Amino acid sequence: MFCDYHTHTIFSSDSMYPMEDCIKDAISTGIEEICFTDHVDYGIKDDWEDLRNNKATKKYFNVDYDKYFSDLEILREKYKNQITIKNGLEFGIQRYNIEKYNKLFEKYPLDFIILSVHQIDDKEFWNHSYQDGRTEKEYYEDYFNEIYYLVQNYSNYCVLGHLDMMKRYDEKDGYNPFVENKDIITKILKRVIADGKGIELNTSSIKYKLDDLMPSKDILKLYLELGGEVLTIGSDSHCKKDLTNSHIEELKQELRDIGFKKFCTFEKMKPIFHEL
């Protein structure tokens, strides 16, 4: 099965990709099932409802939920004979705003949720505002400890997104995040497995020209050794060229080489297993 379970459209503040264009592009590249996972990042973004009520204080906004799910339903019906379309969101959670995500989860129909950490204390990783002034040891430890806190205190998700994503923005050398943080990574994975959740293979490692998978092969091997089974594959795309692409068979073979025999799609937050 050819699928993509991590995609962003114009409903995300960092993408200008029209949702219908993404669907057409997915069909043209042979994708059989796609899940939209546009960004929700409370703390650094407001909801569109805040803007409508003159309460907005931020420059960027989360998904316009009502229009998002309405458009998804219309497009699902329009393209039902060509591709399967699932409702998803990517929750960029911070420990102080967990309750906002619980309320959002209860309000809308979701097949799939990615739990991601994009910022800590409202300081983002992509622009180095969190890393600046910290050593690699400090910011990697903080990052993994934040994830561990979240998986212990938040349960309305399906998979952890891009588990070692900090390396996307890491320009330093000589530090091995897996070796230096194996104990806390093990605790994270054990909790994820115990809760029946999973992790994703984020194929943007190709776009970012990383020298390893994301998460790393070491993390993937450890997850498998610990008994992990739930694994999704997603491109983290923001435009057509990033969609799960010709590299997917190569990536699936790497997963087979590690020892994986299956991956997942989701229906109403429940995993459906497929052979790799």
Side-chain angles (χ1 to χ4, degrees), residues 5-6 90 92-95 114-120 123-126 128 130-154 157-195 197-236 247 250-264 276:
Y5 257 65
H6 193 152
E90 183 177 11
I93 306 181
Q94 300 181 73
R95 65 174 67 197
I114 300 171
L115 191 167
S116 295
V117 175
H118 298 126
Q119 57 272 323
I120 299 174
K123 294 180 179 179
E124 298 195 73
F125 305 150
W126 71 270
H128 289 249
Y130 189 76
Q131 297 96 306
D132 286 350
R134 292 178 169 87
T135 66
E136 281 182 294
K137 182 177 187 296
E138 289 170 337
Y139 60 70
Y140 271 106
E141 285 182 356
D142 290 347
Y143 171 70
F144 287 119
N145 276 301
E146 184 77 359
I147 295 173
Y148 186 47
Y149 178 91
L150 291 173
V151 298
Q152 292 179 95
N153 291 278
Y154 183 77
Y157 74 97
C158 299
V159 300
L160 293 183
H162 38 56
L163 182 50
D164 54 358
M165 74 163 289
M166 190 69 78
K167 66 188 181 187
R168 281 182 181 176
Y169 316 114
D170 193 2
E171 300 171 353
K172 301 177 183 178
D173 297 316
Y175 183 85
N176 188 317
F178 176 76
V179 171
E180 298 295 333
N181 296 278
K182 186 175 180 181
D183 288 346
I184 189 69
I185 292 171
T186 300
K187 289 179 181 179
I188 292 168
L189 295 178
K190 283 184 175 180
R191 183 60 185 251
V192 166
I193 294 165
D195 289 344
K197 311 298 183 181
I199 63 175
E200 72 162 357
L201 174 67
N202 188 294
T203 70
S204 70
S205 56
I206 297 169
K207 176 176 72 175
Y208 288 99
K209 296 181 171 60
L210 303 180
D211 58 5
D212 199 350
L213 300 180
M214 186 160 54
S216 67
K217 292 178 185 178
D218 286 327
I219 291 178
L220 289 165
K221 288 175 183 176
L222 178 60
Y223 178 63
L224 191 62
E225 290 167 2
L226 292 171
E229 295 183 325
V230 179
L231 177 77
T232 58
I233 300 172
S235 65
D236 210 343
H247 294 280
E250 176 186 337
L251 292 170
K252 282 185 177 182
Q253 185 56 54
E254 292 202 62
L255 288 173
R256 295 186 195 102
D257 292 343
I258 290 170
F260 286 94
K261 296 181 179 179
K262 53 192 174 183
F263 70 98
C264 293
L276 270 172

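The structure presented is a predicted model; accordingly, all values stated were derived computationally and were not measured.
Atoms CZ and CD1, from R191 and I147 in turn, are 14.5 Å apart once rounded to the nearest 0.5 Å. Here Q131 contributes atom CD and M166 contributes atom CE; the two are 5.0 Å apart, rounded to the nearest 0.5 Å. In this structure, the separation between SG on C264 and CG on L231 is 7.0 Å, given to the nearest 0.5 Å. Taking CG from L213 and CG from L201, the interatomic distance works out to 6.0 Å, rounded to the nearest 0.5 Å. Rounding to the nearest 0.5 angstrom, the gap separating the OG atom in S205 from the CG atom in D164 is 9.5 Å. Summarising the geometry, atom CG belonging to L224 is positioned 9.0 Å from atom CD belonging to E229; distances are rounded to the nearest 0.5 Å.
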Should V230 and V192 be marked as a side chain to side chain contact (heavy atoms under 4.5 Å, CB included) after you check the CA-CA gap, both sets of side-chain angles, and the distance that decides it? CA-CA 10 Å; V230 179; V192 166; over 6 Å; no
May I have the step-by-step check of side chain to side chain contact (heavy atoms under 4.5 Å, CB included) for V151 and D195, ending in yes or no? CA-CA 9 Å; V151 298; D195 289 344; 5.6 Å; no
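At least one side-chain heavy atom of K167 sits less than 4.5 Å from a side-chain heavy atom of Y140. Two residues are said to be in side-chain contact when any heavy atoms from C-beta on lie closer than 4.5 Å; Y130 and Q119 fail this criterion. Residues L115 and Y154 are in side-chain contact: their nearest non-hydrogen atoms beyond the backbone lie under 4.5 Å apart. The shortest distance between side-chain heavy atoms of L189 and L163 falls below 4.5 Å. Within the 4.5 Å cutoff, side-chain heavy atoms of L220 are placed close to those of F260. Between I114 and T232 the shortest side-chain heavy-atom distance does not fall below 4.5 Å. Counting heavy atoms from C-beta on, the side chains of N202 and R168 come closer than 4.5 Å.
When the ring-ring contact (aromatic ring centres under 6.0 Å, His included) test is applied to Y223, no partner is found at least two apart in sequence or on another chain.
The main-chain N or O of Y157 is found under 3.5 Å from a side-chain atom of K197 such that the two form a donor-acceptor pair. For S204 (side chain) and K207 (main-chain N/O), no donor-acceptor pair under 3.5 Å exists by modelled atom type. In this structure, the side chain of H162 does not engage the main chain of M214 through any donor-acceptor pair within 3.5 Å. Without hydrogens or angle criteria, N153 side chain to Y149 main chain gives a donor-acceptor distance under 3.5 Å. The main-chain N or O of R95 is found under 3.5 Å from a side-chain atom of E146 such that the two form a donor-acceptor pair.
Contact record, I120 with D142: CD1-O, 3.8 Å, taken as the closest heavy-atom pair. When every heavy atom of S116 is checked against every heavy atom of G161, the shortest pair comes out as OG-CA, 3.8 Å.
Using a 4.0 Å cut-off between charged side-chain N and carboxylate O, E141 and K137 make a salt bridge.
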Listing, residues 178-187 side-chain donor-acceptor contacts under 3.5 Å, not counting sequence neighbours, or none:
residue, atom, partner, partner atom, Å
N181, ND2, Y175, OH, 3.1
N181, ND2, P177, O, 2.9
T186, OG1, K182, O, 2.7

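The neighbour count for K252 NZ, taken as heavy atoms of other residues, nucleotides or ligands under 6.0 Å away, is above 12.
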